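Just so we're on the same page: letters track the sequence lines, and every chain starts at 1. The model shown is predicted, which means the values in this text are computed figures rather than measured ones.
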Amino acid sequence: MEVVTRFAPSPTGYLHIGGARTAIFNYLFAKKHNGKYLVRIEDTDQKRSTSEAVKAIHDGLNWLKINTNEKIVYQSSRLNSHTKIAYELLDKGCAYKCYLSNDELQDLRIKSRENGIPIKSPWRNKSVNKPDKEFVIRLKMPSEGTTVINDIVQGEISVQNEILDDMVILRSDKTPTYMLSSVVDDYEMAVTHIIRGDDHLNNAFRQIQIIKYMNWKEPYYAHIPLIHGTDGSKLSKRHGATNVFEYHKMGYTSDAMFSYLLQLGWSSSNEDNYEYSKAVELFTLEKINKSPSKFDIKKLNNINSKFLNNMDVNEVYDLICKSFNLNLENTQKNRLKGLLPELLKRVNVYTEIRDDIEWIVNESFICTDNDHQKILNANLTILNEISLLLDSCSWTKDNINSTLKNYIINKNLKFKEIGYPLRLALTGKINSPDLVSVIYELGCTIVTNRLNYQY
RNA sequence: GGUCCCUUCGUCUAAUGGUUAGGACACCGCCCUUUCACGGCGGCAAUACGAGUUCGAAUCUCGUAGGGAUCACCA
């Protein structure tokens, strides 16, 4: 049997972190078993669905490199199939027409809440036809016995059938509800494993009745716990960005995000970080934890910085250029690339090096801060002398290093005493990569210019 | 409120009835050092609580507490 999974977001916003993780699990499980991973856009709620949201979801999936190769299924294009099944269930006697008005429904709802029994429409056992009246089609839930689901993540769970309500499968405007559409689509797309958030666990017990009535093969279920914020409540905006694509804009790499999301609620012993092929190799649904985990940006930062420092310089360079809209000449490009490994050691996200671009890229950069200029003025002799020495030094890191070292020995200075003004003159900053690298990558001309500048 | 689920360091997790309860992140300290970092070494820190079963419980059972999900003609 070929494994088929699907990720089924509704296009009402961006790709949420939780959704992204669900997609990752679906993606990995399918890849692991050489199966198919499908994406279905659940856009049956025309009022809330937008094309911008569809695009946002694709952006998110593409960024994480977990979009499907298969054709995207739009649920709205399949409504006829769903409706057909609703009437089939009606014909079989597994569903019924319900003529309850909104007011009547409201009353029933209040009563059902009071006595803890789900809504049972009075039309359940009447097979009347009122051709001129609006109706909805409700599924006739079994009223006795128990339904058991063997969930791969949650284990064996059973509920009493009497607590299942006769859910609406076809609205009065003849459109199918999610409860119907989702089941029919999963069946017709031949989905074998339904991997989704555990907010759907309760739905599973109701949806599975349709499958039973239709004599379809039951899929495997894996209901994964939701991601929570640091305070234990459902992840929301006040915990930080919940849109995965925001993390792209913030300067996280997709590989780091992928690895972090994967580790949130799943682990295979002995590994810290997972790149794609490793993840595919090791992934199993059984190792997903049952308890919800909390989103921790600090861990993501750590993972991102590790990925950043192991990435190819050209790749990071491209990300940075895109992010900052840079279009550099070759000499500028080489300086930036040369210093990139050093700069990346200092940051969690690559956007943090924004402040360093100027002194690296701009040939005529000079330190403009007033207080810093005072310090530079006080050290002009040192700067000029070092400039002179560097000017006549053959340009290797070793030579630059010994030039500086010899200078402080001759002048009986501590490195700190030349390091501070040198750093300010060259970078305009108090903190920077080590001076030898800075001097080497900037090159002799720029260095001597900056060291001889009259403030 | 009904139903279902969950609970190991602050966080992510490991430990299939026998471990000194392990690792990672964060935090703290020391070393390295040219600032900030990186790196190296070390430290702090957990089985929610209470019973029971057992020679032995984080692990099995029950209860309690806390947390979460859900209860639409939304998905």
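- For A/Ser432 and B/C36, a side-chain-to-base donor-acceptor distance below 3.5 Å is absent, hydrogens and geometry of angles not being considered.
- Distance check on atom C1': B/U19 versus B/A57 gives 14 Å, rounded to whole Å.
- A/Lys174 forms a cation-pi arrangement with A/Phe135, by the criterion of a distance under 6.0 Å to the ring centre and an angle within 45° of the ring axis.
- With a 6.0 Å radius and a threshold of 12 heavy atoms from other residues, nucleotides or ligands, A/Lys212 has its NZ atom above the threshold.
- Rounded to whole angstrom, the span from the CG atom of A/Asp231 across to the C1' atom of B/G68 amounts to 12 Å.
- Take A/Tyr440 and apply the side chain to side chain contact (heavy atoms under 4.5 Å, CB included) test, not counting sequence neighbours, and it matches A/Trp395, A/Lys397, A/Ile400.
- Side-chain contact annotation: A/Asn161 with A/Glu144, donor-acceptor N/O pair under 3.5 Å absent.
- Rounded to whole angstrom, the span from the CZ atom of A/Phe307 across to the C1' atom of B/A24 amounts to 14 Å.
- Proximity note for A/Leu226 (side chain, C-beta onward) versus B/A69, B/A75, B/C36: the nearest is B/A69.
- For A/Glu42, the listed nucleotide lying nearest its side chain is B/A75; candidates were B/U34, B/C36, B/A75.
- Residues A/Phe29 and A/His193 place their aromatic rings such that the two centres sit under 6.0 Å apart.
- The gap from the C1' atom of B/C55 to that of B/G50 amounts to 23 Å, rounded to the nearest Å.
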Check: protein-nucleotides 25-33 of chain B nitrogen or oxygen pairs below 3.5 Å:
| residue | atom | partner | partner atom | Å |
| --- | --- | --- | --- | --- |
| B/C25 | O3' | A/Asn302 | ND2 | 3.2 |
| B/A26 | O2' | A/Lys298 | NZ | 3.4 |

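- No option in A/Tyr221, A/Phe205, A/Tyr178 other than A/Tyr178 meets the ring-ring contact (aromatic ring centres under 6.0 Å, His included) test with A/His200.
- Atom P of B/A51 sits at a distance of 28 Å from the matching atom of B/C12, rounded to the whole Å.
- Taking atom P on both nucleotides, B/C32 is separated from B/U47 by 38 Å, rounded to a whole Å.
- Here A/Pro433 lies in heavy-atom contact (under 4.0 Å) with a base.
- Remark: B/U33 base-pairs with no nucleotide in the shown strands. Criterion, Watson-Crick or G-U wobble with two distances under 3.5 Å.
- Remark: the A/Ser121 side chain and the A/Arg138 side chain contain no N/O donor-acceptor pair separated by less than 3.5 Å.
- In this model, the phosphate group of B/C73 is not approached by any side-chain N or O of A/Thr175 to a distance below 4.0 Å at OP1 or OP2.
- Donor-acceptor pairing under 3.5 Å is lacking for the side chains of A/Asn243 and A/His16.
- If you find the closest nucleotide of RNA chain B to A/Lys416 and to A/Pro9, the one lying nearer the 5' end belongs to A/Lys416.
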Every protein N/O within reach of nucleotides 1-4 of chain B N/O, cut-off under 3.5 Å:
| residue | atom | partner | partner atom | Å |
| --- | --- | --- | --- | --- |
| B/G1 | N1 | A/Arg113 | NH2 | 3.2 |

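- The CD1-C1' distance, from A/Ile149 to B/C5, rounds to 13 Å in whole Å.
- Between A/Arg423 and A/Arg48, the residue anchored closer to the 5' end of RNA chain B is A/Arg423, taking for each the nucleotide with the nearest heavy atom.
- Look at the P atom in both B/C5 and B/U64: the space between them is 15 Å, to the nearest Å.
- Between the side chains of A/Thr242 and A/Tyr14, at least one donor N or O sits under 3.5 Å from an acceptor N or O.
- Pairing partner, B/C27: B/G43, with both Watson-Crick or wobble hydrogen-bond distances short of 3.5 Å.
- Against the 90° criterion about 0, the sugar-base torsion of B/C32 places it in the anti range.
- Taking atom OH of residue A/Tyr420 and atom P of nucleotide B/U34, one finds them 18 Å apart after rounding to whole Å.
- Out of B/U70, B/A75, B/U34, the shortest distance to the side chain of A/Asp199 is found at B/U70.
- In this structure, a donor-acceptor pair under 3.5 Å is present between the side chains of A/Asp231 and A/His239.
- Comparing B/U13, B/C36, B/A75 by their closest approach to the side chain of A/Asn431 singles out B/C36.
- Rounded to a whole Å, the CG atom of A/Asn203 is 8 Å from the C1' atom of B/U70.
- For the pair A/Asp43 CG and B/A75 C1', the interatomic distance rounds to 11 Å; values are reported in whole Å.
- Protein atom CD1 of A/Ile227 is 13 Å distant from nucleotide atom P of B/A69, rounded to whole Å.
- Out of B/A75, B/A37, B/C5, the shortest distance to the side chain of A/Thr177 is found at B/A75.
- Rounded to whole Å, the C1' atom of B/U59 lies 9 Å from the corresponding atom of B/A15.
- A sub-4.0 Å separation between OP1 or OP2 of B/U8 and a side-chain N or O of A/Asn289 is absent.
- Of the listed residues (A/Leu180, A/Ile85, A/Thr83, A/Leu90), just one forms a side-chain contact (heavy atoms from CB on, under 4.5 Å) with A/Ile169, and that residue is A/Leu180.
- If you take atom C1' in B/G23 and the same atom in B/C9, they sit 12 Å apart, rounded to whole Å.
- As judged by a 4.0 angstrom heavy-atom cut-off over every strand, A/Ser182 is placed among residues making no nucleic acid contact.
- Nucleotide B/A69 holds its C1' atom 14 Å from the NZ atom of A/Lys290, rounded to whole Å.
- Here the nucleotide nearest the side chain of A/Gln75, chosen from B/A37, B/G68, B/A75, is B/A75.
- Here A/Arg138 reaches the OP1 or OP2 of B/C73: one of its side-chain N or O atoms lies under 4.0 Å away.
- Under the side chain to side chain donor-acceptor pair (under 3.5 Å) test applied with A/Tyr252, the options A/Asn304, A/Asn348, A/Asn301 reduce to a single match, A/Asn301.
- Side chain to side chain, A/Ser387 and A/Asn384 fail the donor-acceptor criterion of an N or O pair below 3.5 Å.
- As the counterpart of B/A65, B/U7 is assigned, both hydrogen-bonding distances of the Watson-Crick or G-U wobble pattern falling under 3.5 Å.
- Straight-line distance between the C1' atoms of B/C30 and B/G22: roughly 24 Å, to the nearest whole Å.
- Distances were taken from every side-chain heavy atom of A/Lys294 (C-beta onward) to each of B/C6, B/A75, B/C12; the shortest belongs to B/C12.
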